[in-house]
Amino acid sequence: MAVMDAQSATAPPTGTVTRLKTMLRSLLGGTSEASVTRRLAGTIFIIRVVSAAMAYLSQILLARWMGGSDYGVYVYVWTWVLLLGSMMDFGISASAQKIIPEYRTKGEHALLRGFLSGSRWMTFAVSSVVSLALAGVVKALSPWIDANELVPLYIGCITLPAFVVANTQDGIARSHDWMRLGLMPQFIVRQSLIIGLTAGAFALGLHLGATAAMLASAAAVWIAMIGQMVVLNRRLAGHIEPGPKAYDFHGWLAISLPILMVEGFYLLLSYTDVLVLQQFRSSQEVGVYFAVVKTLALVSFIHYAMSATTAHRFAEYHALGDKARLSAYVAHAIKWTFWPSLAATVVLLALGKPLLWLFGPQFVTGYDIMFIAAIGLVVRSAIGPVERLLNMLGHQHICALAYALAFAMNVVLCVVLVPRFGGHGAAAATSVSLAFETVLLFWIVRRRLGLHVLAFGKS
């Protein structure tokens with residue numbers, strides 16, 4: 001790890017307090033790549049945790065203010081916005097972390113300037129067309145859609161273009177290490193606006209139904225996106241020299257679409273257990289299982305934080321041909337994914353019962369499911385963000401195949417195990433599928449890149 005972190009030649013400090021101070025300085029300070037990565041990943045992790053707490057609070061408030069029926073319609077429509085909005089940028093938000101470092105490293109400034117503006121215009125135009133088509137589908141199916149859902153669904157269609165552009169800007173910002181600019185508008189500002197606008201409507205005595213809540217959410221998405229765009233453009237203007245622009249839409253999509261497949265199969269893998277459980281078991285059991293999944297989400301945030309921080313550096317070191325630096329950085333990313341994930345898992349399992357009790361006394365029955373579900377998350381963290389490594393180094397097709405196989409296994413196992421074992425079966429199916437995915441990715445990286453991507457052991 002000498003490539004990553006140059007250590008000072010000073011004598012080791014004595015005393016427990018001094019050692020702790022030195023550890024904190026090492027973790028939070030320093031200008032080496034490893035120190036910067038830890039700080040950026042820590043920033044992302046904190047943003048995601050705060051966002052999760054705010055989202056949880058907003059759902060409680062909306063459920064109380066709106067009532068069960070309207071809240072159910074709102075959740076249904078907002079879930080479609082989240083799912084479709086995450087897919088409709090065609091993978092550009094993720095591929096930005098590969099394309100931007102490569103253009104920067106190769107000195108292709110015209111293409112870089114073209115991508116920074118053209119990628120956003122492209123995703124906005126395409127998502128607008130798709131949104132219009134979706135509105136047409138809603139119109140065509142309106143005789144079979146609940147009347148209370150129609151207007152919220154139309155508002156959801158209006159929301160999608162801004163949601164997609166915000167995702168694209170997130171990828172651009174992260175490629176420049178501007179993590180707060182990339183994530184806070186989506187995860188903090190947007191949530192704050194939703195809470196504030198709905199709270200204002202409620203305080204004014206307005207009827208807070210599904211339509212009003214979706215209007216507030218749509219306004220929050222557009223305001224946060226436009227504010228992010230203004231700040232991002234200002235920063236880019238001071239970071240990149242003005243000049244001619246070149247556009248390689250075909251090349252961008254050639255890189256992005258396979259990455260979209262990876263992200264898509266990952267989303268499907270994430271939702272399969274809940275969706276299958278909903279088909280075979282009671283809503284009560286689904287609720288308990290969902291509470292377990294949400295409680296363990298903290299572990300996934302660590303993986304997400306390290307993936308978001310490291311992806312563009314993988315692409316940069318690969319473009320430079322610096323394999324030693326890349327190998328050292330990969331090892332560092334894996335270490336700082338696995339050990340914090342393991343520690344977080346131990347803490348969550350130790351506090352599992354009181355945490356589940358917060359959802360309600362009946363949710364404590366899911367405590368033993370936590371142990372089964374945690375196995376897959378810990379196993380997955382043992383190889384760190386290697387799916388981003390494969391995507392950034394041009395192996396996104398085989399990465400997508402690995403995720404597709406894991407998804408198919410999860411579907412089969414859930415269908416077999418859930419009817420008999422319920423939530424325990426869903427957790428077991430997902431953990432086995434994640435372990436299978438981990439083994440596949442480890443083998444692929446070993447064979448194609450010659451790297452050892454395990455948190456322990458030697459190459």
Side-chain angles (χ1 to χ4, degrees), residues 47-86 88 124 127-128 130-132 134-135 137-139 141-142 145-167 169-170 180-231 283 287 290-291 294 297 358-360:
I47 291 172
R48 288 306 307 268
V49 171
V50 172
S51 168
M54 292 179 66
Y56 186 63
L57 173 64
S58 69
Q59 296 308 306
I60 292 173
L61 294 175
L62 287 173
R64 289 180 176 273
W65 292 340
M66 297 168 64
S69 178
D70 275 309
Y71 178 69
V73 172
Y74 171 76
V75 168
Y76 169 71
V77 176
W78 186 244
T79 299
W80 274 115
V81 171
L82 294 176
L83 286 175
L84 293 173
S86 299
M88 282 168 56
F124 178 76
S127 61
S128 296
V130 174
S131 297
L132 285 172
L134 289 172
V137 172
V138 172
K139 176 67 175 176
L141 297 177
S142 58
I145 297 176
D146 189 320
N148 293 325
E149 296 176 1
L150 282 175
V151 176
L153 282 169
Y154 286 129
I155 298 170
C157 293
I158 295 171
T159 309
L160 283 171
F163 193 99
V164 172
V165 173
N167 281 346
Q169 293 181 157
D170 173 21
R180 285 178 292 182
L181 175 57
L183 297 174
M184 287 192 69
Q186 296 191 77
F187 292 109
I188 304 297
V189 176
R190 181 192 297 169
Q191 284 292 350
S192 300
L193 286 170
I194 291 174
I195 294 174
L197 291 171
T198 51
F202 181 76
L204 291 172
L206 302 176
H207 173 64
L208 189 59
T211 298
M214 275 306 302
L215 281 172
S217 299
V221 172
W222 277 95
I223 292 169
M225 183 276 288
I226 292 171
Q228 182 187 43
M229 180 181 290
V230 170
V231 177
S283 57
F290 195 69
K294 286 299 181 185
L358 294 174
F359 288 84

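All figures in this text were calculated on a predicted structure; none of them were measured in a lab. Residues: numbered from 1 along the sequence shown.
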Exercise. Mind running side-chain contact (heavy atoms from CB on, under 4.5 Å) on Arg190 and Ser217 for me, showing each step along the way?
Key: CA-CA 8 Å; Arg190 181 192 297 169; Ser217 299; over 6 Å; no
Quiz item: Would you say Val50 and Phe187 make side-chain contact, with heavy atoms under 4.5 Å?
Solution: no
Quiz item: Looking only at heavy atoms, what is the nearest atom pair of Ala218 and Thr159, with distance?
Solution: CB-OG1, 3.2 Å
Practice problem: Quick one: do Ile158 and Tyr154 satisfy side-chain contact (heavy atoms from CB on, under 4.5 Å)? Show the steps, please. | Solution: CA-CA 7 Å; Ile158 295 171; Tyr154 286 129; 5.6 Å; no
Quiz item: Which heavy atom of Ser127 sits nearest a heavy atom of Ser131, and at what distance?
Solution: O-OG, 2.7 Å
Exercise. Take Leu160 and Val130 through the side-chain contact (heavy atoms from CB on, under 4.5 Å) test and state the conclusion after the steps.
Key: CA-CA 9 Å; Leu160 283 171; Val130 174; over 6 Å; no
Exercise. Ignoring hydrogens and angles, tell me if any N or O in the side chain of Gln169 forms a donor-acceptor pair with the backbone of Gly182 under 3.5 Å.
Key: no
Exercise. Indicate the atoms forming the closest heavy-atom contact of Leu208 with Ala213, along with that distance.
Key: CD1-N, 4.3 Å
Practice problem: Decide yes or no for Leu134 and Leu84: does some side-chain heavy atom of the first lie under 4.5 Å from some side-chain heavy atom of the second? | Solution: yes
Quiz item: How far does CD of Gln186 sit from CE of Met225, to the nearest 0.5 angstrom?
Solution: 11.0 Å
Self-check item: side chain to side chain donor-acceptor pair (under 3.5 Å) partners of residues 196-215, not counting sequence neighbours, each pair once
Solution: none
Quiz item: With no hydrogens and no angle check, is any side-chain donor or acceptor of Asn167 less than 3.5 Å from a backbone partner on Gly85?
Solution: yes
Quiz prompt | Contact summary for Leu193 and Ala220, nearest pair of heavy atoms | solution = CB-CB, 3.6 Å
Self-check item: Under 3.5 Å donor-acceptor, Gln228 side chain and Leu181 backbone
Solution: yes
Quiz item: Can you tell me how far the NZ atom of Lys139 sits from the CG atom of Leu153, to the nearest 0.5 Å?
Solution: 13.5 Å
Practice problem: For residues Ile195 and Met54, report the shortest heavy-atom separation together with the two atoms involved. | Solution: CD1-O, 3.9 Å
Practice problem: First locate atom CG of Asn148, then atom CG of Asp146, and finally report the distance between them rounded to the nearest 0.5 Å. | Solution: 5.0 Å
Quiz item: Which heavy atom of Val189 sits nearest a heavy atom of Ala224, and at what distance?
Solution: CG1-CB, 4.1 Å
Exercise. Give, for atom CE of Met214 and atom CD1 of Ile194, the distance between the pair rounded to the nearest 0.5 Å.
Key: 8.5 Å
Quiz item: Using 30° and 60° as the class limits, which term best fits the ring planes of Phe124 and Trp222: parallel, tilted or perpendicular?
Solution: perpendicular
